[in-house]
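First the structure, in the form of structure tokens, and then the observations on it.
Numbers restart at 1 for each chain; the letters A, B, ... are given by sequence-line order, proteins then strands. Computed from heavy atoms alone, side chains included, the values below leave out hydrogens, waters and symmetry copies. This is a predicted model, so every value here is computed, not measured.
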Amino acid sequence: MSTESTTISETDSSLVKSAAHRICDTTGLSIFTKAEFFVKVNAVLAVIFLLIGAVAAISLALTRWSNIMLLNDIWYYRMLTLHGVNMLVFWIIFFEMAILYFASTTLLNTKMFSKKLAHVSLALMAAGAILTNYIILDGRADVMLTSYPPLEAHPIFYLGIILFAVGALVVCFNFFATLYIAKKNKTYEGSMPLVTFGAATAAIIAVVALVHGAIALVPTFFWSMGWMEMMDPGVYRLFWWGLGHHSQQINVAAMVAVWYFVATMSTGAKPLNETVCRGAFILYILFINLAAAHHLLVDPGFSAEWKIWNTSYAMYLAVLASMIHGYTVPASMEVAMRRKGYTKGIFGWFAKLPWKDPGFSAVALSVIIFGFIGGITGVTLGTEQINIMAHNTLKIPGHFHATVVGGTTLAFMGLCYYLVPLIFQKDFYMKTLARIQPWLFGGGIVVMSLGMSFAGTYGVPRRTYDSDFSGANLETGFDPIAHFFLGVLGVGGVIAFIGLLLFIVLIVAAVFFGPSLKGKKMPTWQNDREQKMTDDLISRGYEEEGKDYEHVKTPGTIVLVLIFLLSFAIYYFANWAALTDLWHIS
Amino acid sequence: MSIFHPKGNWYRTPTGAERLWVGLALAWCLVMSVTMPWWHFQGKQNAPSETYQVEPADFIQRVNQFIETNQVGEMNNIPIVEPAPGGDAYLLGQMWEWYPVLKLKKDQTYRIHISSADLQHGFSLIPLNMNLHVLPGYDYVMTITPTTAGEFSIICNEFCGIGHHRMTGKIIVE
């Protein structure tokens, strides 16, 4: 990499003065200290909001667990709003901003476009997040994440979200401008790395999401100030989901980029075929737009043709993209492992994967939970007719906790096990606990998601404080089995919460009090021989890889994805079968 | 490596197992794409799409008129209303009840108009687990044929304020 730094000084001497950078002792990549600061600050803020969201989360799990019912009704709805906003918006997006700074400057070996803009965006995002949290806790915005009008929050709630979104938009602009100056200054040869390509995909979708968010929330803010008529609630839902669903797709693109990054760092994997991987990212950009229609499948005001058309062609082509990544990520690991000599049988390579590396195990669990639970349920519940049995039931959070938490959050946790030694240059304490942490958190989320999903099949609604409807004029209630599954939800929630606290303790201990790694290589989680083989594969990069790479067979991965396809088909058709028990409706 | 820059022309059509998987995944997506329109014409459970714009005050008036002409009883101070088979019925979601109680006949078809007097509500029929979204200003018409008899509860599954978890209603099918 040092040769590339020389190339910069030859092409643009002004760069050298501003580009105060250090060479990473582990990867040899150039890290630009100004950009590094923003990677650190955004990651730290992300973890702070994760903690706020987590405290809300455990209080909710212990309330839905119907034998405990920790909170009263007012605080349940308040904590539900707080949880949704902090987890889905502040934790994830702050962390994604850290990824954008890293993927543009470090991986492209370039300085950042503008430090001023980076400060402006940070101030906007932090101010927005603090205002929104303040007004929710103050009890003046019990409106859930979606804030569907005519339900009205205090204007500061909308203003906080808008400020945060504008800040995020500025980061995206800074990111694209950094890509541009890197290209112009020729800081790298060839095409941008796949991880940066994935981050760029996330940033493009983020811009589309934020435009929809502005259309939904700016008029709503004006309405709350009394300056404007209320937006039509159906139209609000259309645009709000243009924000809401796209935001999830930012997470998916960023998560997949992290999958590729950690796959490389932990096993030395290389994408089998750049065309396929990049093509799949492009499918996200092109087709996820209208797929947001699947949130409106049982809404009045839209025709069946509109719903079916948008969810069939658009959503399924985006699903195709995820199914492709779901193959290419494990397949690239299988090839890397086979090249290291782990060729025994179909799954010999699988057993020898670096399971002791929490970064790796978090990402491996993320792939499995996102695919098997999140993906399969999401596509099925997003089917026009099947949605009649799913809309606003606990099946929906059962699905998205598997995608957003078991998928994205777990992948981001995995990335932190690399971020701390590489960017913060600190080592971890309590490494045995670190090895357990992804399993504890991932396992808890799986149990909780299944509890939610099964309770949802009995019709238990989301966003409802009391599943017994105590005090209702017309009495009702659920099958006792539904309450058993609400207990499962609670137990899973407790396990996941312990896993999350453990993560925060490990990260805080390492970042603030950990032994310094300055001038040292990142300590390995594998044994020295295994690490040397991984380093060897990484250091060869693209140079020595011939065309033979694609001819290494991936029998293990093919078996795994066929099991996945079979599970998918079974769940999908089982739901159609359950649909036939409903009354006839059209 | 996914963190380094591929040089030169990296375009390649997929081969071997990768090609097989892309093909299989695409084929499965096409199966799912075709299933929805197929069910729309062949299946008996489809999300309704018949919708009219309506002022909440007008809708409340229609509900009251419907109750006046068809009331057959009362349950906990809520009128029980029996529409004529094949006819129109009205159901109003408001903080925090579903109004009135509907009495239907098994295997008869009804056009049930649903709307909201105030906030967004979620129509959820249990234990059947049939769910629709209800918006103020929209008259959503579901053409429905109850195929099972019994007493069914309607709950609200969209947050509509602190009393949300006490918002219930009934449909009785004979």
Side-chain angles (χ1 to χ4, degrees), chain A residues 73 107 144 148 150-151 188-191 193-195 233-234 260 264 270-276 297-301 303-304 308 312 316 319-320 323-324 327 384-385 388-389 391-392 459 461 463-466 469 471-474 476 538 541-542 550 554 558 561 579 582-586, chain B residues 1-7 10-12 14-15 17-18 21-22 24-26 28-29 32-33 36-37 39-40 43-49 51 76 97 119-120 122 124 126-133 135-136 138 140 142-147 153 155 157-159 162 165-166 168-170:
Chain A
D73 48 0
L107 296 183
M144 309 288 119
Y148 292 140
L151 199 60
Y188 62 97
E189 287 173 56
S191 306
L194 184 60
V195 171
Y260 282 113
T264 293
K270 164 189 187 296
L272 294 188
N273 183 337
E274 292 280 356
T275 315
V276 171
L297 288 174
V298 292
D299 268 33
S303 70
I308 292 176
S312 63
Y316 295 145
V319 169
L320 176 66
M323 288 175 80
I324 289 173
Y327 168 83
E384 200 230 8
Q385 293 89 350
I388 300 173
M389 300 184 297
H391 179 75
N392 271 355
R463 298 177 164 180
T464 291
Y465 164 64
D466 180 4
F469 304 92
N473 182 23
L474 300 170
T476 182
I538 294 177
Y542 275 87
E550 68 211 69
T554 57
I558 274 290
V561 292
L579 187 71
L582 287 193
W583 292 354
H584 299 167
I585 180 171
S586 64
Chain B
M1 299 302 134
S2 53
I3 57 170
F4 296 124
H5 320 101
K7 294 181 184 103
W10 40 259
Y11 179 80
R12 276 189 295 118
T15 53
E18 194 165 30
W21 177 247
V22 173
L24 274 177
L26 182 62
W28 173 241
C29 292
M32 293 191 296
S33 290
M36 280 194 284
W39 194 276
H40 187 74
K44 295 193 167 76
Q45 295 81 12
N46 285 292
S49 51
T51 309
N76 296 2
E97 64 180 359
L119 299 183
Q120 303 198 16
S124 179
I126 60 170
L128 269 181
N129 205 6
M130 266 175 98
N131 308 280
L132 296 172
H133 206 84
L135 298 173
Y138 288 79
Y140 199 9
M142 58 172 180
T143 306
I144 200 166
T145 314
T147 52
S153 291
I155 56 170
N157 66 8
E158 184 56 75
F159 176 70
I162 295 302
H165 53 273
R166 285 188 284 274
T168 58
K170 288 274 181 207

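- No donor-acceptor distance shorter than 3.5 angstrom exists from the side chain of A:Ser312 to the backbone of B:Met32, with no hydrogens or angles considered.
- Heavy-atom pairs under 4.5 Å with chain B were tallied for A:Pro300, A:Gly459, A:Ala472; the largest tally goes to A:Pro300.
- Contact check for A:Asn392 versus B:Ser124: no side-chain heavy atoms found under the 4.5 Å cut-off.
- With hydrogens and angles ignored, the 3.5 Å screen pairs a side-chain donor or acceptor of A:Thr275 with a backbone N or O of B:Arg12.
- Both the backbone and the side chain of A:Val561 come within contact range of chain B, each with at least one heavy atom under 4.5 Å from a heavy atom of that chain.
- Of the atoms belonging to A:Ile558, it is side-chain heavy atoms, and not backbone ones, that fall under 4.5 Å from chain B.
- Taking each heavy atom of A:Pro233 and B:Leu135 in turn, the nearest pair found is CB-CD2, 4.2 Å.
- Between A:Pro150 and B:Pro136, the closest side-chain pair of non-hydrogen atoms falls below 4.5 Å.
- Most heavy-atom pairs under 4.5 Å with chain A, from the set B:Pro146, B:Ala25, B:Ala47, B:Ser153: that is B:Pro146.
- Taken from CG in A:Leu297 to NE2 in B:His133, the straight-line distance is 12.5 Å, to the nearest 0.5 Å.
- For the pair B:Ser49 (side chain) and A:Ser303 (backbone), a donor-acceptor distance under 3.5 Å is absent.
- Between A:His584 and B:Gln45, the closest side-chain pair of non-hydrogen atoms falls below 4.5 Å.
- Proximity to chain A (any heavy atom under 4.5 Å) is shown, for B:Trp39, by both the backbone and the side chain.
- For chain A, the nearby parts of B:Ile162 are the backbone and the side chain; heavy atoms of each come within less than 4.5 Å.
- Atom CG of residue A:Leu579 and atom CE of residue B:Met130 lie 9.0 Å apart, to the nearest 0.5 angstrom.
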Inset, instruction - Could you go through the side chain to side chain contact (heavy atoms under 4.5 Å, CB included) check for B:Met36 and A:Tyr316 one step at a time? - result: CA-CA 12 Å; B:Met36 280 194 284; A:Tyr316 295 145; 3.7 Å; yes
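- Chain A forms the most heavy-atom pairs under 4.5 Å with one residue out of B:Thr51, B:Leu119, B:Asn76, B:Asn131, and that residue is B:Asn131.
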Legend entry - Check against side chain to side chain contact (heavy atoms under 4.5 Å, CB included), A:Ile388 and B:Met142: CA-CA 12 Å; A:Ile388 300 173; B:Met142 58 172 180; over 6 Å; no
Legend entry - Stepwise side chain to side chain contact (heavy atoms under 4.5 Å, CB included) check, B:Thr145 with A:Trp583: CA-CA 6 Å; B:Thr145 314; A:Trp583 292 354; over 6 Å; no
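- With respect to chain A, the highest number of heavy-atom pairs below 4.5 Å among B:His40, B:Gln120, B:Glu97 belongs to B:Gln120.
- Shown here are the ring-ring contact (aromatic ring centres under 6.0 Å, His included) partners of B:Tyr138, two or more places apart in sequence or in another chain: there are none.
- One N or O on the side chain of B:Asn129 and one on the backbone of A:Met389 form a donor-acceptor pair closer than 3.5 Å.
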Inset, instruction - Apply side chain to side chain contact (heavy atoms under 4.5 Å, CB included) to B:Phe4 and A:Ile538, showing your working. - result: CA-CA 9 Å; B:Phe4 296 124; A:Ile538 294 177; 4.0 Å; yes
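- Remark: the backbone N or O of A:Leu474 is paired with a side-chain donor or acceptor of B:Thr168 at under 3.5 angstrom.
- B:Glu158 pairs by the salt bridge (Lys or Arg N to Asp or Glu O under 4.0 Å) definition with A:Arg463, not counting sequence neighbours.
- Looking only at side-chain heavy atoms (C-beta outward), B:Leu26 and A:Met323 stay at 4.5 Å or farther from each other.
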